[in-house]
Protein chains: 2
Amino acid sequence: MSFSITEENYIKAIFHLQQGEGNVSTNELAAELHTKAASVTDMLKKLKAKKLLSYEKYKGVRLSSEGKKLALAIVRKHRLWEYFLVDKLQFGWDEVHDVAEELEHISSKKLVEKLDAFLGYPKFDPHGDPIPDSHGKMAVQVQVNLIDLPLNRMAEVSGVGSQSTELLELLKHKHIGIGTRLEIKRKFSFDHSIEIKIRNQNPFAISQQLAQALFVKPV
Amino acid sequence: MSFSITEENYIKAIFHLQQGEGNVSTNELAAELHTKAASVTDMLKKLKAKKLLSYEKYKGVRLSSEGKKLALAIVRKHRLWEYFLVDKLQFGWDEVHDVAEELEHISSKKLVEKLDAFLGYPKFDPHGDPIPDSHGKMAVQVQVNLIDLPLNRMAEVSGVGSQSTELLELLKHKHIGIGTRLEIKRKFSFDHSIEIKIRNQNPFAISQQLAQALFVKPV
DNA sequence: AATTATTTTTAGATTTACCTAAAAATAATT
DNA sequence: AATTATTTTTAGGTAAATCTAAAAATAATT
(Lines give C-alpha, C1' and ligand atoms only; values in the text may rest on other atoms or scores of the structure.)
Protein backbone atom coordinates (compact mmCIF):
# COMPACT_ATOMS: atom_id res chain seq x y z
CA MET A 1 0.00 0.00 0.00
CA SER A 2 1.22 3.46 -0.76
CA PHE A 3 0.32 6.84 0.69
CA SER A 4 0.07 10.40 -0.55
CA ILE A 5 2.40 13.10 0.69
CA THR A 6 -0.51 14.64 2.55
CA GLU A 7 -1.35 11.38 4.27
CA GLU A 8 2.29 10.94 5.25
CA ASN A 9 2.37 14.42 6.72
CA TYR A 10 -0.67 13.65 8.86
CA ILE A 11 0.93 10.43 10.12
CA LYS A 12 4.15 12.23 10.96
CA ALA A 13 2.32 15.04 12.75
CA ILE A 14 0.29 12.60 14.85
CA PHE A 15 3.47 10.70 15.69
CA HIS A 16 5.16 13.83 16.97
CA LEU A 17 2.12 14.95 18.95
CA GLN A 18 1.32 11.66 20.60
CA GLN A 19 4.60 11.32 22.51
CA GLY A 20 3.54 10.77 26.09
CA GLU A 21 0.07 9.57 26.97
CA GLY A 22 -3.35 10.54 25.79
CA ASN A 23 -4.88 10.94 22.36
CA VAL A 24 -4.12 13.68 19.88
CA SER A 25 -6.99 16.10 19.37
CA THR A 26 -8.36 17.36 16.10
CA ASN A 27 -7.49 20.95 16.92
CA GLU A 28 -3.91 20.14 17.88
CA LEU A 29 -3.48 18.46 14.54
CA ALA A 30 -5.09 21.32 12.66
CA ALA A 31 -2.66 23.76 14.29
CA GLU A 32 0.36 21.56 13.63
CA LEU A 33 -0.56 21.11 9.96
CA HIS A 34 -1.72 24.69 9.39
CA THR A 35 -5.11 23.53 8.25
CA LYS A 36 -8.66 23.54 9.62
CA ALA A 37 -10.35 21.15 12.03
CA ALA A 38 -12.92 20.13 9.42
CA SER A 39 -10.17 19.04 7.05
CA VAL A 40 -8.55 17.03 9.81
CA THR A 41 -11.76 15.18 10.54
CA ASP A 42 -12.07 14.23 6.88
CA MET A 43 -8.55 12.92 6.74
CA LEU A 44 -8.81 10.99 10.00
CA LYS A 45 -11.71 9.01 8.58
CA LYS A 46 -9.66 8.20 5.53
CA LEU A 47 -6.62 7.14 7.54
CA LYS A 48 -8.77 5.07 9.87
CA ALA A 49 -10.16 3.22 6.85
CA LYS A 50 -6.56 2.52 5.87
CA LYS A 51 -5.93 1.11 9.36
CA LEU A 52 -3.13 3.53 10.17
CA LEU A 53 -4.77 4.79 13.33
CA SER A 54 -7.58 4.33 15.81
CA TYR A 55 -10.09 7.11 15.91
CA GLU A 56 -13.50 7.55 17.48
CA LYS A 57 -15.60 10.64 16.97
CA TYR A 58 -14.84 13.37 19.50
CA LYS A 59 -12.25 11.19 21.22
CA GLY A 60 -9.06 12.03 19.39
CA VAL A 61 -6.66 9.77 17.62
CA ARG A 62 -3.67 7.41 18.13
CA LEU A 63 -1.50 5.65 15.60
CA SER A 64 -1.91 1.91 15.12
CA SER A 65 1.24 -0.20 14.97
CA GLU A 66 1.02 0.08 11.19
CA GLY A 67 0.83 3.85 11.53
CA LYS A 68 3.79 3.95 13.88
CA LYS A 69 5.80 1.86 11.45
CA LEU A 70 5.05 4.30 8.68
CA ALA A 71 5.83 7.29 10.90
CA LEU A 72 9.21 5.83 11.85
CA ALA A 73 10.03 5.18 8.21
CA ILE A 74 9.32 8.82 7.39
CA VAL A 75 11.30 10.10 10.38
CA ARG A 76 14.15 7.82 9.34
CA LYS A 77 14.21 9.29 5.86
CA HIS A 78 13.94 12.84 7.15
CA ARG A 79 16.89 12.49 9.52
CA LEU A 80 19.08 10.56 7.10
CA TRP A 81 18.58 13.25 4.49
CA GLU A 82 19.40 15.95 7.04
CA TYR A 83 22.59 14.12 7.88
CA PHE A 84 23.41 13.87 4.19
CA LEU A 85 22.79 17.55 3.57
CA VAL A 86 25.02 18.66 6.44
CA ASP A 87 27.73 16.01 6.26
CA LYS A 88 28.12 15.64 2.50
CA LEU A 89 26.70 18.79 0.94
CA GLN A 90 27.97 21.26 3.54
CA PHE A 91 24.60 22.72 4.38
CA GLY A 92 24.37 24.58 7.67
CA TRP A 93 22.56 22.52 10.28
CA ASP A 94 20.00 25.31 10.54
CA GLU A 95 18.98 25.31 6.87
CA VAL A 96 18.24 21.67 6.17
CA HIS A 97 14.82 21.19 7.66
CA ASP A 98 12.66 22.35 4.77
CA VAL A 99 14.63 20.45 2.17
CA ALA A 100 14.46 17.26 4.24
CA GLU A 101 10.73 17.85 4.54
CA GLU A 102 10.53 17.30 0.79
CA LEU A 103 13.07 14.52 0.54
CA GLU A 104 11.40 12.43 3.24
CA HIS A 105 8.58 11.61 0.83
CA ILE A 106 10.77 9.95 -1.79
CA SER A 107 9.43 6.41 -1.77
CA SER A 108 12.27 4.11 -2.84
CA LYS A 109 13.07 1.66 -0.06
CA LYS A 110 16.32 0.78 -1.73
CA LEU A 111 17.38 4.42 -1.83
CA VAL A 112 17.00 4.78 1.93
CA GLU A 113 19.06 1.68 2.68
CA LYS A 114 21.82 2.67 0.28
CA LEU A 115 21.86 6.22 1.59
CA ASP A 116 22.14 4.90 5.15
CA ALA A 117 25.11 2.73 4.15
CA PHE A 118 26.73 5.60 2.25
CA LEU A 119 26.50 7.80 5.33
CA GLY A 120 27.98 5.08 7.55
CA TYR A 121 24.80 4.23 9.48
CA PRO A 122 24.69 7.42 11.56
CA LYS A 123 22.81 7.19 14.89
CA PHE A 124 21.94 10.87 15.29
CA ASP A 125 20.98 13.64 12.89
CA PRO A 126 22.59 17.12 12.89
CA HIS A 127 20.07 18.38 15.46
CA GLY A 128 20.95 15.57 17.86
CA ASP A 129 17.80 13.56 17.19
CA PRO A 130 18.18 9.79 16.91
CA ILE A 131 17.79 8.18 13.46
CA PRO A 132 15.58 5.05 13.45
CA ASP A 133 17.25 2.02 11.87
CA SER A 134 15.59 -0.03 9.13
CA HIS A 135 13.53 -1.86 11.77
CA GLY A 136 12.33 1.37 13.36
CA LYS A 137 14.58 1.10 16.39
CA MET A 138 16.47 4.15 17.56
CA ALA A 139 19.12 4.94 20.16
CA VAL A 140 17.84 6.30 23.44
CA GLN A 141 18.66 9.89 24.12
CA VAL A 142 20.85 10.43 27.16
CA GLN A 143 20.31 14.13 26.67
CA VAL A 144 18.61 16.26 29.27
CA ASN A 145 16.93 19.63 29.09
CA LEU A 146 19.43 22.44 29.74
CA ILE A 147 17.13 23.78 32.43
CA ASP A 148 17.68 20.55 34.39
CA LEU A 149 21.47 20.52 34.10
CA PRO A 150 23.12 20.89 37.55
CA LEU A 151 25.34 23.90 38.23
CA ASN A 152 28.94 23.66 37.09
CA ARG A 153 28.40 20.40 35.27
CA MET A 154 30.14 20.45 31.87
CA ALA A 155 27.82 19.35 29.06
CA GLU A 156 27.63 19.41 25.31
CA VAL A 157 24.67 20.73 23.34
CA SER A 158 23.10 17.68 21.66
CA GLY A 159 19.71 18.81 20.46
CA VAL A 160 17.19 21.57 20.04
CA GLY A 161 13.55 21.50 20.98
CA SER A 162 12.25 23.09 17.81
CA GLN A 163 13.31 23.79 14.27
CA SER A 164 11.89 27.28 14.11
CA THR A 165 14.01 29.77 12.21
CA GLU A 166 13.56 32.19 15.10
CA LEU A 167 15.30 29.78 17.46
CA LEU A 168 18.02 28.90 14.99
CA GLU A 169 18.65 32.56 14.29
CA LEU A 170 19.07 33.24 18.00
CA LEU A 171 21.44 30.30 18.46
CA LYS A 172 23.53 31.40 15.54
CA HIS A 173 23.81 34.87 17.01
CA LYS A 174 24.97 33.48 20.35
CA HIS A 175 27.33 31.04 18.62
CA ILE A 176 25.64 28.03 20.12
CA GLY A 177 25.35 24.87 18.03
CA ILE A 178 25.33 21.12 18.31
CA GLY A 179 28.52 20.12 20.10
CA THR A 180 29.00 23.43 21.91
CA ARG A 181 30.37 22.76 25.41
CA LEU A 182 28.99 24.78 28.27
CA GLU A 183 28.18 24.78 31.96
CA ILE A 184 25.66 26.63 34.09
CA LYS A 185 27.20 29.12 36.48
CA ARG A 186 24.06 30.59 38.08
CA LYS A 187 20.29 30.21 38.02
CA PHE A 188 18.00 33.17 38.74
CA SER A 189 14.66 32.33 40.22
CA PHE A 190 13.11 35.72 39.40
CA ASP A 191 12.77 35.03 35.66
CA HIS A 192 14.27 31.53 35.55
CA SER A 193 17.04 32.80 33.34
CA ILE A 194 20.40 31.07 33.65
CA GLU A 195 23.93 32.21 33.25
CA ILE A 196 26.07 29.91 31.16
CA LYS A 197 29.74 29.81 30.34
CA ILE A 198 31.13 28.62 27.05
CA ARG A 199 34.81 27.68 26.80
CA ASN A 200 36.90 30.80 27.30
CA GLN A 201 34.10 33.28 26.68
CA ASN A 202 32.73 35.37 29.48
CA PRO A 203 29.57 34.00 31.09
CA PHE A 204 26.31 35.40 29.74
CA ALA A 205 22.63 34.95 30.51
CA ILE A 206 20.03 33.18 28.42
CA SER A 207 16.28 33.22 28.91
CA GLN A 208 14.16 30.45 30.34
CA GLN A 209 12.54 29.97 26.93
CA LEU A 210 15.87 29.47 25.23
CA ALA A 211 17.18 27.14 27.95
CA GLN A 212 14.08 24.99 27.60
CA ALA A 213 14.67 24.71 23.88
CA LEU A 214 18.14 23.27 24.36
CA PHE A 215 19.10 19.70 25.16
CA VAL A 216 22.54 18.76 26.43
CA LYS A 217 24.53 15.63 27.11
CA PRO A 218 26.81 15.67 30.17
CA VAL A 219 30.43 15.00 29.23
CA MET B 1 6.43 31.11 -9.65
CA SER B 2 6.22 27.49 -8.71
CA PHE B 3 4.76 24.51 -10.49
CA SER B 4 3.08 21.28 -9.49
CA ILE B 5 4.74 17.93 -10.12
CA THR B 6 2.14 17.25 -12.78
CA GLU B 7 2.86 20.50 -14.55
CA GLU B 8 6.57 19.77 -14.43
CA ASN B 9 5.99 16.36 -15.93
CA TYR B 10 4.06 17.88 -18.82
CA ILE B 11 6.85 20.38 -19.48
CA LYS B 12 9.45 17.65 -19.41
CA ALA B 13 7.44 15.44 -21.76
CA ILE B 14 6.93 18.25 -24.26
CA PHE B 15 10.62 19.07 -24.08
CA HIS B 16 11.56 15.50 -24.94
CA LEU B 17 9.05 15.22 -27.75
CA GLN B 18 9.77 18.53 -29.43
CA GLN B 19 13.40 17.82 -30.27
CA GLY B 20 13.69 18.44 -33.97
CA GLU B 21 11.14 20.85 -35.38
CA GLY B 22 7.40 20.76 -35.65
CA ASN B 23 4.85 20.96 -32.88
CA VAL B 24 4.03 18.26 -30.39
CA SER B 25 0.52 16.85 -30.83
CA THR B 26 -2.03 16.24 -28.12
CA ASN B 27 -2.11 12.51 -28.77
CA GLU B 28 1.66 12.15 -28.62
CA LEU B 29 1.65 13.82 -25.25
CA ALA B 30 -1.22 11.69 -24.00
CA ALA B 31 0.69 8.54 -24.96
CA GLU B 32 3.94 9.76 -23.37
CA LEU B 33 2.22 10.66 -20.12
CA HIS B 34 -0.10 7.63 -20.03
CA THR B 35 -3.13 9.85 -19.87
CA LYS B 36 -5.99 10.80 -22.19
CA ALA B 37 -6.11 13.46 -24.89
CA ALA B 38 -8.86 15.34 -23.08
CA SER B 39 -6.70 15.70 -19.98
CA VAL B 40 -3.84 16.97 -22.09
CA THR B 41 -6.00 19.67 -23.66
CA ASP B 42 -7.02 20.89 -20.22
CA MET B 43 -3.45 21.06 -19.02
CA LEU B 44 -2.17 22.78 -22.15
CA LYS B 45 -4.61 25.61 -21.54
CA LYS B 46 -3.33 25.95 -18.00
CA LEU B 47 0.31 25.94 -19.04
CA LYS B 48 -0.37 28.42 -21.79
CA ALA B 49 -1.91 30.77 -19.24
CA LYS B 50 1.31 30.41 -17.26
CA LYS B 51 3.27 31.36 -20.37
CA LEU B 52 5.30 28.17 -20.41
CA LEU B 53 4.31 27.28 -23.96
CA SER B 54 2.60 28.43 -27.11
CA TYR B 55 -0.51 26.54 -28.00
CA GLU B 56 -3.29 27.05 -30.52
CA LYS B 57 -6.30 24.78 -30.73
CA TYR B 58 -5.77 21.82 -33.04
CA LYS B 59 -2.26 23.00 -33.85
CA GLY B 60 -0.12 21.34 -31.21
CA VAL B 61 2.28 22.87 -28.80
CA ARG B 62 5.83 24.19 -28.34
CA LEU B 63 7.64 25.37 -25.23
CA SER B 64 8.29 29.08 -24.77
CA SER B 65 11.75 30.12 -23.66
CA GLU B 66 10.41 30.15 -20.11
CA GLY B 67 9.17 26.60 -20.62
CA LYS B 68 12.50 25.48 -22.02
CA LYS B 69 14.28 27.00 -19.07
CA LEU B 70 12.07 25.06 -16.69
CA ALA B 71 12.50 21.85 -18.70
CA LEU B 72 16.26 22.18 -18.60
CA ALA B 73 16.21 22.75 -14.86
CA ILE B 74 14.22 19.54 -14.41
CA VAL B 75 16.45 17.57 -16.76
CA ARG B 76 19.46 18.91 -14.88
CA LYS B 77 18.09 17.69 -11.59
CA HIS B 78 17.12 14.32 -13.03
CA ARG B 79 20.55 13.66 -14.47
CA LEU B 80 22.48 14.92 -11.46
CA TRP B 81 20.47 12.63 -9.21
CA GLU B 82 21.07 9.70 -11.56
CA TYR B 83 24.76 10.41 -11.40
CA PHE B 84 24.59 10.56 -7.61
CA LEU B 85 22.69 7.28 -7.36
CA VAL B 86 25.15 5.42 -9.56
CA ASP B 87 28.39 7.07 -8.52
CA LYS B 88 27.83 7.49 -4.80
CA LEU B 89 25.14 5.00 -3.83
CA GLN B 90 26.22 2.16 -6.10
CA PHE B 91 22.93 1.78 -7.92
CA GLY B 92 23.01 -0.02 -11.26
CA TRP B 93 22.65 2.38 -14.18
CA ASP B 94 19.50 0.54 -15.23
CA GLU B 95 17.66 0.97 -11.93
CA VAL B 96 17.97 4.69 -11.30
CA HIS B 97 15.42 6.16 -13.63
CA ASP B 98 12.29 5.82 -11.50
CA VAL B 99 14.00 7.13 -8.38
CA ALA B 100 15.41 10.11 -10.29
CA GLU B 101 11.91 10.69 -11.64
CA GLU B 102 10.86 11.46 -8.07
CA LEU B 103 13.98 13.32 -7.01
CA GLU B 104 13.85 15.69 -9.98
CA HIS B 105 10.87 17.45 -8.42
CA ILE B 106 12.65 18.48 -5.21
CA SER B 107 12.54 22.23 -5.46
CA SER B 108 15.53 23.61 -3.53
CA LYS B 109 17.78 25.55 -5.86
CA LYS B 110 20.57 25.46 -3.32
CA LEU B 111 20.36 21.68 -3.10
CA VAL B 112 20.94 21.30 -6.83
CA GLU B 113 23.97 23.55 -6.84
CA LYS B 114 25.52 21.88 -3.81
CA LEU B 115 24.83 18.44 -5.22
CA ASP B 116 26.47 19.44 -8.49
CA ALA B 117 29.57 20.63 -6.63
CA PHE B 118 29.63 17.48 -4.46
CA LEU B 119 29.59 15.33 -7.59
CA GLY B 120 32.39 17.36 -9.17
CA TYR B 121 30.31 19.05 -11.89
CA PRO B 122 29.79 15.96 -14.06
CA LYS B 123 29.09 16.60 -17.75
CA PHE B 124 27.24 13.37 -18.56
CA ASP B 125 24.87 11.12 -16.65
CA PRO B 126 25.30 7.33 -16.36
CA HIS B 127 23.38 6.80 -19.63
CA GLY B 128 25.70 9.13 -21.51
CA ASP B 129 23.22 11.98 -21.64
CA PRO B 130 24.63 15.46 -21.08
CA ILE B 131 23.81 17.26 -17.84
CA PRO B 132 22.75 20.90 -18.32
CA ASP B 133 24.77 23.35 -16.22
CA SER B 134 23.14 25.93 -13.99
CA HIS B 135 22.56 28.18 -17.01
CA GLY B 136 20.92 25.38 -19.00
CA LYS B 137 23.89 24.82 -21.28
CA MET B 138 24.97 21.28 -22.01
CA ALA B 139 27.76 19.55 -23.89
CA VAL B 140 26.93 18.65 -27.47
CA GLN B 141 26.24 15.03 -28.20
CA VAL B 142 28.23 13.41 -30.94
CA GLN B 143 26.38 11.11 -33.27
CA VAL B 144 26.80 7.44 -32.65
CA ASN B 145 26.25 4.30 -34.69
CA LEU B 146 22.76 2.96 -34.19
CA ILE B 147 24.25 -0.37 -33.18
CA ASP B 148 25.83 1.37 -30.17
CA LEU B 149 22.74 3.18 -29.01
CA PRO B 150 21.68 1.96 -25.54
CA LEU B 151 18.28 0.34 -25.11
CA ASN B 152 15.32 2.68 -24.71
CA ARG B 153 17.42 5.70 -25.52
CA MET B 154 15.42 8.06 -27.71
CA ALA B 155 17.51 9.14 -30.67
CA GLU B 156 17.09 10.88 -33.95
CA VAL B 157 18.55 9.64 -37.20
CA SER B 158 21.28 12.09 -38.10
CA GLY B 159 23.19 10.38 -40.88
CA VAL B 160 23.60 7.33 -43.08
CA GLY B 161 26.76 5.34 -43.76
CA SER B 162 26.27 5.16 -47.50
CA GLN B 163 24.29 6.79 -50.26
CA SER B 164 23.60 3.58 -52.17
CA THR B 165 20.21 3.41 -53.82
CA GLU B 166 19.73 0.00 -52.28
CA LEU B 167 20.05 1.50 -48.78
CA LEU B 168 17.87 4.46 -49.59
CA GLU B 169 15.23 2.21 -51.12
CA LEU B 170 15.18 0.15 -47.94
CA LEU B 171 14.99 3.24 -45.75
CA LYS B 172 12.16 4.65 -47.78
CA HIS B 173 10.25 1.41 -47.48
CA LYS B 174 10.64 1.43 -43.71
CA HIS B 175 9.80 5.16 -43.51
CA ILE B 176 13.12 6.01 -41.95
CA GLY B 177 14.81 9.28 -42.82
CA ILE B 178 17.00 11.98 -41.38
CA GLY B 179 15.23 13.30 -38.32
CA THR B 180 13.23 10.13 -37.69
CA ARG B 181 13.06 9.57 -33.96
CA LEU B 182 13.43 6.05 -32.70
CA GLU B 183 14.57 3.94 -29.83
CA ILE B 184 15.88 0.40 -29.51
CA LYS B 185 13.55 -1.91 -27.63
CA ARG B 186 15.55 -5.17 -27.89
CA LYS B 187 18.83 -6.49 -29.21
CA PHE B 188 19.16 -10.09 -30.42
CA SER B 189 22.60 -11.59 -30.12
CA PHE B 190 21.90 -14.46 -32.51
CA ASP B 191 21.99 -12.33 -35.65
CA HIS B 192 22.69 -8.93 -34.08
CA SER B 193 19.40 -7.69 -35.35
CA ILE B 194 17.67 -5.04 -33.26
CA GLU B 195 14.06 -4.18 -32.68
CA ILE B 196 13.32 -0.50 -32.97
CA LYS B 197 10.28 1.62 -32.23
CA ILE B 198 9.37 4.75 -34.16
CA ARG B 199 6.91 7.30 -32.76
CA ASN B 200 3.55 5.58 -32.44
CA GLN B 201 4.26 2.72 -34.81
CA ASN B 202 4.60 -0.83 -33.58
CA PRO B 203 8.17 -1.98 -32.96
CA PHE B 204 9.84 -3.88 -35.81
CA ALA B 205 13.20 -5.52 -36.41
CA ILE B 206 16.03 -4.31 -38.61
CA SER B 207 19.15 -6.21 -39.60
CA GLN B 208 22.66 -5.68 -38.28
CA GLN B 209 23.73 -4.41 -41.69
CA LEU B 210 21.06 -1.75 -41.75
CA ALA B 211 21.71 -0.72 -38.13
CA GLN B 212 25.40 -0.26 -38.92
CA ALA B 213 24.53 2.01 -41.79
CA LEU B 214 22.62 4.41 -39.59
CA PHE B 215 23.96 7.13 -37.33
CA VAL B 216 21.86 8.63 -34.62
CA LYS B 217 22.00 11.49 -32.20
CA PRO B 218 20.50 10.91 -28.77
CA VAL B 219 17.80 13.48 -28.04
C1' DA C 1 -15.36 17.21 -53.94
C1' DA C 2 -17.59 14.23 -50.90
C1' DT C 3 -17.21 10.90 -47.62
C1' DT C 4 -14.90 8.46 -44.06
C1' DA C 5 -11.49 8.26 -40.49
C1' DT C 6 -8.72 10.34 -37.10
C1' DT C 7 -7.51 13.79 -33.97
C1' DT C 8 -8.72 17.19 -30.83
C1' DT C 9 -11.79 19.75 -28.07
C1' DT C 10 -15.84 20.50 -25.16
C1' DA C 11 -19.13 19.11 -21.68
C1' DG C 12 -20.11 17.01 -17.67
C1' DA C 13 -18.48 13.70 -13.71
C1' DT C 14 -15.20 11.92 -10.31
C1' DT C 15 -11.55 12.02 -6.63
C1' DT C 16 -8.48 14.25 -3.33
C1' DA C 17 -7.69 17.67 -0.18
C1' DC C 18 -9.14 21.64 1.17
C1' DC C 19 -12.52 25.40 2.70
C1' DT C 20 -16.75 27.99 5.38
C1' DA C 21 -20.77 27.89 7.99
C1' DA C 22 -23.92 25.61 10.77
C1' DA C 23 -25.10 21.75 13.88
C1' DA C 24 -23.87 18.54 17.46
C1' DA C 25 -21.12 16.96 21.22
C1' DT C 26 -18.16 17.82 25.00
C1' DA C 27 -16.07 20.83 28.54
C1' DA C 28 -16.15 24.74 31.63
C1' DT C 29 -18.54 28.07 34.51
C1' DT C 30 -21.86 29.98 36.99
C1' DA D 1 -27.97 21.47 37.07
C1' DA D 2 -28.26 24.91 33.72
C1' DT D 3 -25.97 27.86 30.87
C1' DT D 4 -22.12 29.30 28.24
C1' DA D 5 -17.96 28.32 25.77
C1' DT D 6 -15.13 25.37 23.18
C1' DT D 7 -14.25 21.59 20.31
C1' DT D 8 -15.51 18.59 16.80
C1' DT D 9 -18.33 16.98 13.20
C1' DT D 10 -21.46 17.35 9.27
C1' DA D 11 -23.10 19.51 5.12
C1' DG D 12 -22.23 21.58 1.10
C1' DG D 13 -18.73 23.80 -2.09
C1' DT D 14 -14.11 24.81 -4.54
C1' DA D 15 -9.84 23.79 -7.27
C1' DA D 16 -6.63 20.48 -9.42
C1' DA D 17 -6.15 16.69 -12.30
C1' DT D 18 -8.29 13.11 -14.09
C1' DC D 19 -11.93 10.47 -16.78
C1' DT D 20 -15.84 9.11 -20.56
C1' DA D 21 -18.79 10.32 -24.17
C1' DA D 22 -20.21 13.39 -27.62
C1' DA D 23 -19.22 17.25 -30.78
C1' DA D 24 -16.12 19.79 -33.76
C1' DA D 25 -12.09 20.26 -36.54
C1' DT D 26 -8.62 18.33 -39.41
C1' DA D 27 -6.66 14.66 -42.34
C1' DA D 28 -7.07 10.80 -45.48
C1' DT D 29 -9.45 8.23 -49.01
C1' DT D 30 -12.38 7.24 -52.41
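Every chain is numbered from 1, with letters handed out A, B, ... down the list of sequences.
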Please state whether the phosphate of C:dA17, meaning OP1 or OP2, lies under 4.0 angstrom from any side-chain nitrogen or oxygen of A:K46. yes
Does a nitrogen or oxygen in the side chain of B:Y58 sit under 4.0 Å from OP1 or OP2 of C:dT10? no
Closest nucleotide among C:dC18, C:dT10, C:dT20 to the A:A38 side chain: C:dT20
For a quick test of reading the model: is some side-chain N or O of A:T26 closer than 4.0 Å to OP1 or OP2 of D:dT9? yes
Charged N-O contact under 4.0 Å between A:E113 and A:R76: yes
For B:L29 and C:dT9, give me the distance from atom CG to atom C1', rounded to whole Å. 15 Å
CZ of B:F3 versus P of D:dA16: gap in Å, rounded? 14 Å
A:I5 has an atom CD1; how far is it from atom C1' of C:dC18, in whole Å? 16 Å
Atom CD of A:E8 and atom P of C:dT16: how far apart are they, to the nearest Å? 16 Å
When the ring planes of B:F84 and A:F118 are compared, do they come out parallel, tilted or perpendicular, using 30° and 60° as the limits? perpendicular
Identify which one of A:K48, A:K46, A:K50 satisfies the salt bridge (Lys or Arg N to Asp or Glu O under 4.0 Å) criterion when paired with A:E7. A:K50
Identified pairing partner of D:dG12, criterion: Watson-Crick or G-U wobble below 3.5 Å: C:dC19
From NZ of B:K50 across to C1' of D:dA17 the rounded distance in Å is 12 Å
Quick check: on DNA chain C, is the nucleotide nearest B:E56 upstream (toward 5') of the one nearest A:E7, or the reverse? Name the residue that is more 5'. B:E56
Looking at C:dT9, I'd like to know if its phosphate oxygens (OP1 or OP2) sit under 4.0 Å from a side-chain N or O belonging to B:T41. yes
Under 4.0 Å between a side-chain N or O of A:K36 and OP1 or OP2 of C:dT20? yes
Check whether any side-chain N or O of A:T35 sits under 4.0 Å from OP1 or OP2 of C:dC18, and answer yes or no. no
Answer yes or no: is there an ion pair linking A:E101 with A:K12, defined by an N-O contact shorter than 4.0 Å? yes
For D:dT8, take OP1 and OP2 only and decide whether either is under 4.0 Å from a side-chain N or O of A:Y55. no
Nucleotide paired to C:dT10 in any strand shown, Watson-Crick or G-U, under 3.5 Å: D:dA21
Checking N1-N3 plus N6-O4 or O6-N4 for Watson-Crick, or N1-O2 and O6-N3 for wobble, each under 3.5 Å, the partner of C:dA28 is D:dT3
For B:K59, report the nucleic acid contact type (base, sugar-phosphate, nothing); a contact means any heavy atom under 4.0 Å. nothing
Distance-only side-chain donor-acceptor flag, A:E32 / A:H16, under 3.5 Å: no
Interatomic distance, A:M43 CE vs D:dT8 C1' [rounded to whole Å]: 17 Å
Gap between atoms CG and P, on A:D42 and D:dG13 respectively (whole Å): 15 Å
Rounded to the nearest angstrom, tell me the gap between atom CG in A:L44 and atom P in D:dT7. 16 Å
Phosphate contact (D:dT7 OP1 or OP2) by A:S25 side-chain N/O below 4.0 Å: no
Please check the phosphate of C:dT16 (OP1 and OP2 only) for any side-chain N or O of A:T6 closer than 4.0 Å. no
For D:dT8 and A:N27 - does any side-chain N or O of the residue sit under 4.0 Å from the phosphate oxygens OP1/OP2? yes
Which of these passes side-chain hydrogen bond (donor to acceptor under 3.5 Å, both in side chains) with B:E104: B:K77, B:H78, B:R79? B:H78
